[in-house]
Chemist: 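Questions regarding the structure given below will be posed in turn.
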There are 2 protein chains.
Amino acid sequence: MASSIHDLARHLNISIGTVSRALNGRADVNADTRKRVLEAARELNYSPNQSGRSLRQGATRSIAFMLQPHPGDQQYGEPFFIPFLTGLQARLAEYDLDLMVVMGEPGQYQQERLRRVVETRRADAVVLANTRREDDRIDYLSKAGFPFATLGRSQSGGDTYPSLDIDFERAGDEAVDRLVARGHRRIAAIRPSHDLNFGYLFLDGYRKALRRHGIEVDPGLIADGFINEAGGYQVTPRVMLSNDRPTAIIFNNDAMALGGCKALAEMGIRPGHDIAVIVIVDTPLCRYFSPALTAFRPSLEPMGRRLAEMLLASLPAFAGEEGPHIMHEVWPLELIARESD
Amino acid sequence: MASSIHDLARHLNISIGTVSRALNGRADVNADTRKRVLEAARELNYSPNQSGRSLRQGATRSIAFMLQPHPGDQQYGEPFFIPFLTGLQARLAEYDLDLMVVMGEPGQYQQERLRRVVETRRADAVVLANTRREDDRIDYLSKAGFPFATLGRSQSGGDTYPSLDIDFERAGDEAVDRLVARGHRRIAAIRPSHDLNFGYLFLDGYRKALRRHGIEVDPGLIADGFINEAGGYQVTPRVMLSNDRPTAIIFNNDAMALGGCKALAEMGIRPGHDIAVIVIVDTPLCRYFSPALTAFRPSLEPMGRRLAEMLLASLPAFAGEEGPHIMHEVWPLELIARESD
DNA sequence: CGTTTTTCCGTAAACGTTTACGACAACACA
DNA sequence: TGTGTTGTCGTAAACGTTTACGGAAAAACG
């Protein structure tokens with residue numbers, strides 16, 4: 001079962017060097033011997049031992065995906081990440097690369113896990129998610145010169161790594177556009193705290209659209225909260241306290257929207273009737289909620305595949321003929337109109 | 001940055017053997033030299049190279065989690081697996097083990113991915129999910145003598161591997177119990193096809209409970225379908241065609257229940273009013289659906305941790321003092337009573 | 001003081017690959 | 001025939017560890 005390159009060599013009475021070259025498609029091996037080697041490999045059920053390969057080549061052929069949980073989040077952004085992970089894994093598999101998933105507790109612990117991966121060279125590169133505006137993981141990786149790519153932008157690290165993000169700014173902008181077109185002028189925005197970068201991007205788009213429509217930005221209509229249901233539940237009433245109540249709310253997270261709707265229900269306010277609700281980013285939860293929530297949806301699986309490509313293109317060892325180059329892409333979201341706005 | 005054991009040895013002017021023994025806590029090394037080695041290791045920022053270690057020890061210190069998608073399922077059982085994966089990963093991390101996630105396309109392809117992991121020795125053991133009644137992955141792994149554990153039981157492979165499962169039989173039983181207590185006698189059961197083992201277990205419990213209550217099992221009230229929303233949508237009407245319509249339906253999957261409810265809605269039948277609906281297994285979707293679906297909920301994160309423990313205990317290399325032993329556990333579900341029954 | 005035991009360390013092999021280098025034969029060419 | 005070229009292969013080192021083995025010095029013992 002555990003046949004090595006030595007077994008093949010002994011079996012064929014040739015040297016291990018020739019066997020290796022034959023298997024790796026090198027030019028300097030006779031066509032006939034190559035055929036014999038490949039036959040023997042099939043016969044003896046040979047597969048190269050990855051540990052031996054990794055050691056010699058200095059590359060593990062595996063990529064680590066680091067999932068940093070939001071503070072207070074038990075669910076790791078579920079179900080946002082599964083389709084992304086699916087796409088990422090699919091593309092990596094095409095390059096014969098494995099995917100390592102590293103989670104870890106919220107906060108500091110993730111840094112330790114990251115260091116471990118980097119220092120013990122358990123992976124050739126790292127994919128980061130849940131990027132913060134200032135992200136110490138990015139600082140660490142840039143400083144260490146370890147290859148990585150991010151799902152989400154950050155202000156850390158400069159232009160040294162590939163990144164792929166959703167266009168939260170445009171989604172915030174379009175959400176306001178849509179609401180204004182439907183007659184709303186008092187539009188609230190609820191977003192996550194904790195320096196998550198997309199919260200800033202969303203708010204930029206929100207503000208820009210308001211100004212374009214000549215609507216003054218009212219700080220009393222903007223609130224930050226924990227990025228989970230409890231956070232939405234807790235923070236939504238704050239925005240409704242204004243004596244000039246908003247007629248619409250844009251939630252920058254699905255879980256927060258769910259919690260917010262619960263709070264609204266307790267206040268006797270019905271989304272879709274008494275108030276308009278739009279969610280950025282859509283998940284299956286939005287669809288099955290009652291009323292079904294109008295939401296902006298990203299293409300997560302293609303994004304996963306794309307980020308894998310971008311990361312690979314930035315790795316000298318995997319890139320095509322052209323040298324390594326850093327790319328940044330921002331993908332649009334699609335509006336899924338439902339009942340809540 | 002990439003300091004090796006040789007660097008330490010050179011720096012301290014001792015041999016690499018001694019350095020290695022010092023780092024690994026061997027007894028035959030002077031207390032003073034050990035201290036000097038550990039200091040130098042910190043100073044030179046040394047971490048052992050995992051590839052070197054793997055090669056020498058014949059163990060990669062990583063476990064592969066194989067997620068076999070259901071046929072026609074784009075979502076990999078989302079969001080069922082995230083909490084399980086979280087628990088699994090957490091416990092493995094405590095043992096300094098990495099988690100590799102392998103997905104692959106539905107069907108045959110998964111076998112290839114599995115062979116690759118096993119033959120190239122990319123992982124020390126494998127965790128299987130979505131077990132079939134007859135599971136060729138289990139057959140393959142047993143025959144190959146490769147260590148593994150499963151989430152879910154199977155008829156394949158005998159008693160040679162640890163397994164952890166939810167008590168679907170009891171959940172089916174209790175669901176019937178609850179419905180009968182509420183006056184129902186015509187109770188339908190909708191479960192996934194494709195040989196998924198839990199569908200059989202569920203039906204066993206369903207039948208047992210019916211018989212206990214003196215209710216004849218009506219084959220016209222049992223239907224199999226694809227394990228997704230479309231499957232539930234397609235198959236539910238079949239059960240409603242009976243001239244003696246059921247007054248309750250137990251769905252053996254959340255997505256199928258969602259699709260089933262859509263079909264019911266189109267027939268003008270309201271869950272929670274005109275018909276009782278119970279779901280096995282609960283996901284967040286059940287909670288936010290309208291009406292909120294009564295469902296049985298497993299403890300997925302603790303289950304992930306537990307299965308990691310069971311797997312590790314069966315591995316000679318990681319077990320405590322006692323030898324390897326195979327365990328099987330079946331965990332109960334908790335009924336979450338909501339509005340649909 | 002001689003012998004045995006203990007303590008500590010260095011040497012070298014091994015894990016399974018890949019690859020730089022050189023050797024040798026066959027062949028081509030002048 | 002001598003020289004250069006090409007094709008094919010073997011040798012051996014290297015990647016970074018761990019560990020069996022033996023040896024030297026120190027300690028213990030008679």
Side-chain angles (χ1 to χ4, degrees), chain A residues 1-38 40-41 44-62 96 116-124 317, chain B residues 1-38 40-41 44-62 96 116-124 317:
Chain A
M1 254 302 155
S3 70
S4 79
I5 217 171
H6 292 89
D7 299 326
L8 290 190
R10 208 173 319 122
H11 183 254
L12 293 169
N13 212 28
I14 59 179
S15 79
I16 60 163
T18 305
V19 173
S20 177
R21 282 192 299 268
L23 292 171
N24 291 7
R26 287 303 173 90
D28 57 346
V29 45
N30 186 285
D32 182 58
T33 36
R34 162 165 297 131
K35 206 174 71 179
R36 283 171 51 226
V37 168
L38 293 179
L44 299 191
N45 196 24
Y46 168 81
S47 311
N49 179 299
Q50 183 57 33
S51 299
R53 242 190 197 166
S54 299
L55 179 57
R56 166 67 215 222
Q57 300 188 325
T60 60
R61 293 206 77 84
S62 82
D96 197 42
R116 201 184 67 98
V117 170
V118 170
E119 291 176 0
T120 64
R121 246 132 270 138
R122 273 172 157 85
D124 297 337
Chain B
M1 256 301 156
S3 70
S4 79
I5 217 172
H6 292 90
D7 299 325
L8 290 191
R10 209 174 318 123
H11 183 254
L12 293 169
N13 213 28
I14 59 179
S15 80
I16 60 163
T18 305
V19 173
S20 177
R21 282 192 299 268
L23 291 171
N24 291 8
R26 288 302 173 88
D28 56 346
V29 45
N30 185 285
D32 180 58
T33 37
R34 162 165 297 131
K35 207 174 69 178
R36 282 172 50 226
V37 168
L38 293 179
L44 299 191
N45 196 25
Y46 168 81
S47 312
N49 180 299
Q50 183 57 32
S51 300
R53 239 187 199 171
S54 298
L55 179 57
R56 166 67 215 220
Q57 300 189 324
T60 60
R61 294 206 77 83
S62 82
D96 196 41
R116 200 183 67 97
V117 169
V118 170
E119 290 176 0
T120 64
R121 245 132 270 137
R122 273 174 155 85
D124 297 336

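In the text below, chain A, chain B and the rest are named by the order of the sequence lines, each starting its count at 1.
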Chemist: Mind listing the closest non-hydrogen atom pair of D28(B) and R21(B) along with its distance?
Modeler: OD1-CD, 3.4 Å
Chemist: Donor-acceptor check, side chain of S62(A) to backbone of R122(A), threshold 3.5 angstrom: yes or no?
Modeler: yes
Chemist: Any donor and acceptor pair, going by atom type alone, linking the side chain of E119(A) with main-chain N or O of Y46(B) inside 3.5 Å?
Modeler: no
Chemist: Could you walk me through whether N49(A) and T120(B) pass the side chain to side chain contact (heavy atoms under 4.5 Å, CB included) check?
Modeler: CA-CA 5 Å; N49(A) 179 299; T120(B) 64; over 6 Å; no
Chemist: Expressed in angstrom and rounded to an integer, what is the separation of D28(A) atom CG from dT5(D) atom P?
Modeler: 19 Å
Chemist: As a quick check of understanding, evaluate side chain to side chain contact (heavy atoms under 4.5 Å, CB included) for T18(B) and L12(B), giving each step before the final call.
Modeler: CA-CA 11 Å; T18(B) 305; L12(B) 293 169; over 6 Å; no
Chemist: Tell me the interatomic distance from R36(A), atom CZ, to dC9(D), atom C1', rounded to whole angstroms.
Modeler: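 In whole Å, dC9(D) C1' and R36(A) CZ are 12 Å from each other.
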Chemist: Looking only at heavy atoms, which two atoms of R34(B) and G25(B) are closest? And how far apart?
Modeler: NH2-C, 3.5 Å
Chemist: So S47(A), base contact, sugar-phosphate only, or nothing? Heavy-atom distance under 4.0 Å.
Modeler: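 Sugar-phosphate contact only - S47(A) comes under 4.0 Å of backbone atoms but never of a base.
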Chemist: Would you mind classifying the nucleic acid contact of S51(B) as base, sugar-phosphate or nothing, using non-hydrogen atoms under 4.0 angstrom?
Modeler: nothing
Chemist: Anything under 4.0 Å to a heavy atom of chain B counts; send over the first and last such nucleotide of DNA chain C, read 5' to 3'.
Modeler: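 Taking any atom under 4.0 Å from a heavy atom of chain B, the span is dC8(C) to dG16(C).
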Chemist: Round to a whole Å and report the spacing from CG of D32(A) to P of dG7(D).
Modeler: 17 Å
Chemist: Contact list please: residues 53-60 of chain A against DNA chain D, heavy atoms, distance less than 4.0 Å, in numerical order.
Modeler: L55(A), R56(A)
Chemist: Test your reading of the model: is there a side-chain donor-acceptor pair from S3(A) to the backbone of L44(A), 3.5 Å cut-off?
Modeler: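 Yes, because the side chain of S3(A) sits within donor-acceptor range (under 3.5 Å) of the backbone of L44(A).
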Chemist: Return yes if some donor-acceptor pair links the side-chain N/O of N30(B) with the main-chain N/O of D32(B) below 3.5 Å, else return no.
Modeler: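 Yes, because the side chain of N30(B) sits within donor-acceptor range (under 3.5 Å) of the backbone of D32(B).
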Chemist: For the pair made of CG in N30(B) and P in dA25(D), what is the distance, rounded to whole Å?
Modeler: 16 Å
Chemist: Please compare S4(A) and R21(A) by the position of their nearest nucleotide in DNA chain C and report the one closer to 5'.
Modeler: S4(A)
Chemist: Categorize I14(B) for me: base, sugar-phosphate, or nothing, with a 4.0 angstrom heavy-atom threshold over every strand shown.
Modeler: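 Sugar-phosphate: the residue I14(B), judged by heavy atoms under 4.0 Å, touches backbone atoms but no base.
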Chemist: Is any side-chain heavy atom of V37(B) closer than 4.5 Å to a side-chain heavy atom of I14(B)?
Modeler: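 Touching, per the 4.5 Å side-chain cut-off.
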